[in-house]
Visitor: 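Structure below; questions to follow.
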2 protein chains.
Amino acid sequence: MQQYMQILKNTKLFSGVREEEIETMLICLGATLHQYKKGDYVFRTGEYIHNLTVLVEGSLHIQKDDYWGNRAILGHIAVGEMFGEAYLSPDSGPLPNDVVALKDSCVIFFDVDRILSVCTSACKFHSLTVKNLFFAVSEKNRRLVAKLGHISNRTTREKLLSYLSDEAKRSKSSSFFIPFNRQQLADFLSVDRSAMSNELCKMRDEGLMEFNKNHFTLL
Amino acid sequence: MQQYMQILKNTKLFSGVREEEIETMLICLGATLHQYKKGDYVFRTGEYIHNLTVLVEGSLHIQKDDYWGNRAILGHIAVGEMFGEAYLSPDSGPLPNDVVALKDSCVIFFDVDRILSVCTSACKFHSLTVKNLFFAVSEKNRRLVAKLGHISNRTTREKLLSYLSDEAKRSKSSSFFIPFNRQQLADFLSVDRSAMSNELCKMRDEGLMEFNKNHFTLL
DNA sequence: ACAAGTCGGTTGTATTTACAACAGAAAGAG
DNA sequence: CTCTTTCTGTTGTAAATACAACCGACTTGT
């Protein structure tokens, strides 16, 4: 797990914790390394999870498929981000969605009970960890609200503009990459891919934006 | 603030804290009582907030109006619930939506800095409070994901069924009240009111459900 | 009791979206 | 390199939605 120290150092979970201390905490929190092939399920809908998960290599999608085969992409997890923070509470029910590896991926599991119970040994970072987790869930919360803001627009064009301006703001540039291809973006915004593609091209022709694959420039 | 002790005792924020201890904490956390008339804004989009808010009387909506006057209702806050947990982090930006009183309401503000900084005095409940906050944001997080699940359905009927079955599950009964009138439900699900009303009546005629005002029974 | 306002349901039409199908470009496998 | 697969854009049609307008039932305030 040593090899991933640089990534762990920069995670929200270990914010404010020094490298040597992280090493101690890896043991203290019962960290274990797991590997997944592209397309593998890390978690499935309905599972009760007992781990906090940090992605150290690859890429994950949080998604949900309905009876009719429609897929909704609820989120995207990049290296250094975590998953499952919101399901550590004792009263959280089963997982409502799947977590799938987009590429070959490595994740580190942390034991819930060890995170939330007070550690009697030398590890004095539990309260900091809980605070970090609180901040992390808060941020995810704000992102979810932002996403709701995009999706609750009525038309495909409005959803696109809302999402793209948000991405531009996040990257502090009118030129940016998005972590989706067309189908994934459509699933993320809950719209039809072809209708969305159509709308994107219209906006390009109207001079509102330029794009190439997953690189966009707002004008 | 004494008069609201019964409500405070049962909030997520003070879960596991005894009544006498809550009294101490009210002072320790810098609690102040604020009153609002029906229609008043508790917070406005763009504000930077520095308080955790607990509703002790009345009813609030979290909502967002766009340029064209469309209103999206992002959430509903009932007595005993709180607002602002997700905006306590130092890096949280401005509030992305309005919080409005639906009825005459009373809220208690708690000072962020006092919640998150370690209290040097006798008050030993800070770490418990942060943990409680963590659980609270986690739950709100799960609710947001659930709401995303409803909204990301493609048709009005699917959104309605998704939302209503969720409410039925939450109330553990096929018969339940929802906290919205028709317009508000439409705003919550991001659909057109008349189209939704139409769809509801169709489903009633098909024998899928019965309803009267905001009371629903799934069959 | 009356007037004004709110709420829920209904309808028709214009607009938008979903779906299916296809073609060229790009990427990946052997 | 060639074949296969994936990705993106395009089009036409069927279906769903938004919008406006209207009505009757019910509330609220005076």
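Since the model is a prediction, treat every value here as computed from it, not as a measurement. Both backbone and side-chain heavy atoms feed into the values below; hydrogens, waters and symmetry mates do not.
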Visitor: Looking only at side-chain N and O atoms, does A:D192 offer a donor or acceptor that is under 3.5 Å from a partner on A:S194?
Guide: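 Side chains of A:S194 and A:D192: pair found under 3.5 Å.
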Visitor: State, with a plain yes or no, whether a side-chain heavy atom of B:F180 is found less than 4.5 Å away from one of B:H61.
Guide: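 Yes, close enough: below the 4.5 Å cut-off.
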Visitor: On DNA chain C, nearest-nucleotide positions of B:Q183 versus B:N198: which is more 5'?
Guide: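 In this pair, the answer is B:Q183.
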Visitor: Can you tell me which nucleotide in D:dT17, C:dA18, C:dT17 comes closest to the side chain of A:T155?
Guide: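 Between D:dT17, C:dA18, C:dT17, the one nearest the side chain of A:T155 would be C:dT17.
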Visitor: Atom CZ of A:R154 and atom P of C:dT15: how far apart are they, to the nearest Å?
Guide: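 Interatomic distance, CZ of A:R154 to P of C:dT15: 18 Å.
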Visitor: Report the distance from atom CE of B:M196 to atom C1' of D:dT17, rounded to the nearest whole Å.
Guide: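 Interatomic distance, CE of B:M196 to C1' of D:dT17: 14 Å.
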Visitor: Could you tell me how far apart A:L102 (CG) and D:dC7 (P) are, to the nearest whole angstrom?
Guide: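 From A:L102 CG to D:dC7 P: 11 Å.
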Visitor: Could you state the atom-to-atom distance from CZ of A:R204 to C1' of D:dT10 in whole Å?
Guide: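 Rounded to whole Å, this separation is 11 Å.
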Visitor: Classify the side-chain pair B:D98/B:T45 by whether it contains a donor and acceptor separated by less than 3.5 Å.
Guide: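 There is such a pair (donor and acceptor under 3.5 Å, judged by atom type) between the side chains of B:D98 and B:T45.
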Visitor: With a non-hydrogen cut-off below 4.0 angstrom, is B:D192 in contact with a base, only sugar-phosphate, or nothing?
Guide: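 B:D192: base contact, heavy atoms under 4.0 Å.
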Visitor: Please state whether the phosphate of C:dA27, meaning OP1 or OP2, lies under 4.0 angstrom from any side-chain nitrogen or oxygen of A:K213.
Guide: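 A:K213 to C:dA27 OP1/OP2: side-chain N or O found under 4.0 Å.
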Visitor: Does a side-chain heavy-atom distance below 4.5 Å link A:D91 with B:R142?
Guide: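 They are in side-chain contact.
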Visitor: Side chains of A:H150 and A:S152: is there a donor and an acceptor less than 3.5 Å apart?
Guide: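 Their side chains do not contain a donor-acceptor pair, so the 3.5 Å distance test is not met.
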Visitor: Salt bridge between B:E167 and B:R170, side-chain N to carboxylate O under 4.0 Å?
Guide: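 Counted as a salt bridge, because a side-chain N and a carboxylate O are separated by less than 4.0 Å.
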Visitor: How long is the line joining CD of B:E199 and C1' of C:dG8, in whole Å?
Guide: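 Checked: the CD to C1' distance equals 16 Å.
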Visitor: Whole-Å distance between D:dA16 P and B:R193 CZ?
Guide: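 Nearest whole value for this atom pair: 20 Å.
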Visitor: What nucleotide among C:dG8, C:dA27, C:dA18 has an atom nearest to a side-chain atom of B:S197?
Guide: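 For B:S197, the side-chain atoms sit closest to C:dG8.
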Visitor: Check the distance between D:dA18's C1' and B:R157's CZ and give it to me in whole angstrom.
Guide: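 Whole-Å distance recorded here is 18 Å.
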Visitor: Closest to the A:C201 side chain: D:dT17, C:dG9, D:dG9?
Guide: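 Closest nucleotide to the A:C201 side chain: D:dG9.
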Visitor: Please tell me whether B:N10 and B:Q6 have a donor and an acceptor in their side chains that are separated by less than 3.5 angstrom.
Guide: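 Result is no, nothing qualifies.
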Visitor: Would you mind reading off the distance between B:N212 atom CG and D:dA25 atom C1', rounded to a whole angstrom?
Guide: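 Rounded to the whole Å, the gap is 12 Å.
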Visitor: For the helix from C:dA1-D:dT30 to C:dG30-D:dC1, what angle separates the axis at the start from the axis at the finish, each from five pairs, in steps of 10°?
Guide: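 If I round to tens, the end axes sit 60° apart.
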Visitor: How would you label the contact of B:S194 with the nucleic acid (heavy atoms, under 4.0 Å): base, sugar-phosphate, or nothing?
Guide: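 Since a base atom lies under 4.0 Å of B:S194, the category is base.
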